[in-house]
Amino acid sequence: MNIFLITEYVKRLNKEDITKFALSQGISLTEEELDVIYNYIKKDYKTFIYGNPRGILDEVKTKVKPLTYNKIENLYQQFKGYLN
């Protein structure tokens with residue numbers, strides 16, 4: 001996986017992109033949830049690709065609604081195969 005391309009994508013990623021993706025996955029985010037998810041993506045995306053994101057996911061779990069977290073966890077499990 002080309003980290004340069006991913007880094008450039010994440011640099012350009014905005015909250016509207018996240019909202020659109022979430023809606024396409026049946027997730028309706030509050031403004032607070034959007035801020036949490038945006039900040040974690042911007043700060044910790046490399047951990048999701050190369051490291052163990054369990055600690056991050058545990059933090060996110062305390063900051064979003066249970067339904068939102070369950071969908072995030074399911075999406076992570078679904079897409080983590082593409083990260084390797």
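These numbers come from the heavy atoms of this one structure, side chains and all, not from hydrogens, waters or symmetry mates.
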Practice task
For side chain to side chain contact (heavy atoms under 4.5 Å, CB included), just list the numbers for D17 and Y38, CA-CA rounded to whole Å, side-chain angles, deciding distance to a tenth of an Å, and then say yes or no.
Solution key: CA-CA 10 Å; D17 296 327; Y38 176 81; over 6 Å; no
Problem - Validation row: K61, I72 side chains within 4.5 angstrom (heavy atoms) - result: no
Exercise for the section: Indicate whether any N or O donor in one side chain lies under 3.5 Å from an N or O acceptor in the other, for Y45 and T7. Expected result: yes
Problem - Minimal non-hydrogen separation, K65 against E33, with atom names - result: N-OE2, 2.8 Å
Fill in the blank from the handout: Closest heavy-atom pair, S28 versus T68, reported as atoms and distance to 0.1 Å, is O-OG1, 4.4 Å
Handout entry: Contact check, side chains of K15 and D35, non-hydrogen atoms, under 4.5 Å
Key = yes
Handout entry: Minimum-distance pair of heavy atoms, taken over all atoms of L57 and Y69
Key = O-CE1, 3.2 Å
Handout entry: I56 side chain near K43 side chain, heavy-atom distance below 4.5 Å
Key = no
Handout entry: Heavy-atom neighbours of Q78 CD exceed 12 at 6.0 Å
Key = yes
Handout entry: pair F21-I27: side-chain heavy atoms closer than 4.5 Å
Key = no
Problem - Min side-chain heavy-atom separation E8-L5 under 4.5 Å - result: no
Practice task
Could you grab the distance from atom CG of L13 to atom CD1 of I18, nearest 0.5 Å is fine?
Solution key: 4.5 Å
Exercise for the section: Would you name the heavy atoms of N52 and T47 that are closest together and state the gap between them? Expected result: O-CG2, 3.7 Å
Completion exercise
CD (E59) and CG (D44) are apart, to the nearest 0.5 Å, by 7.5 Å
Problem - L23 with L67, same ILVMFWY side-chain cluster at under 4.5 Å - result: no
Practice task
Give the minimum heavy-atom separation between R12 and K42, together with the two atoms involved.
Solution key: N-NZ, 4.3 Å
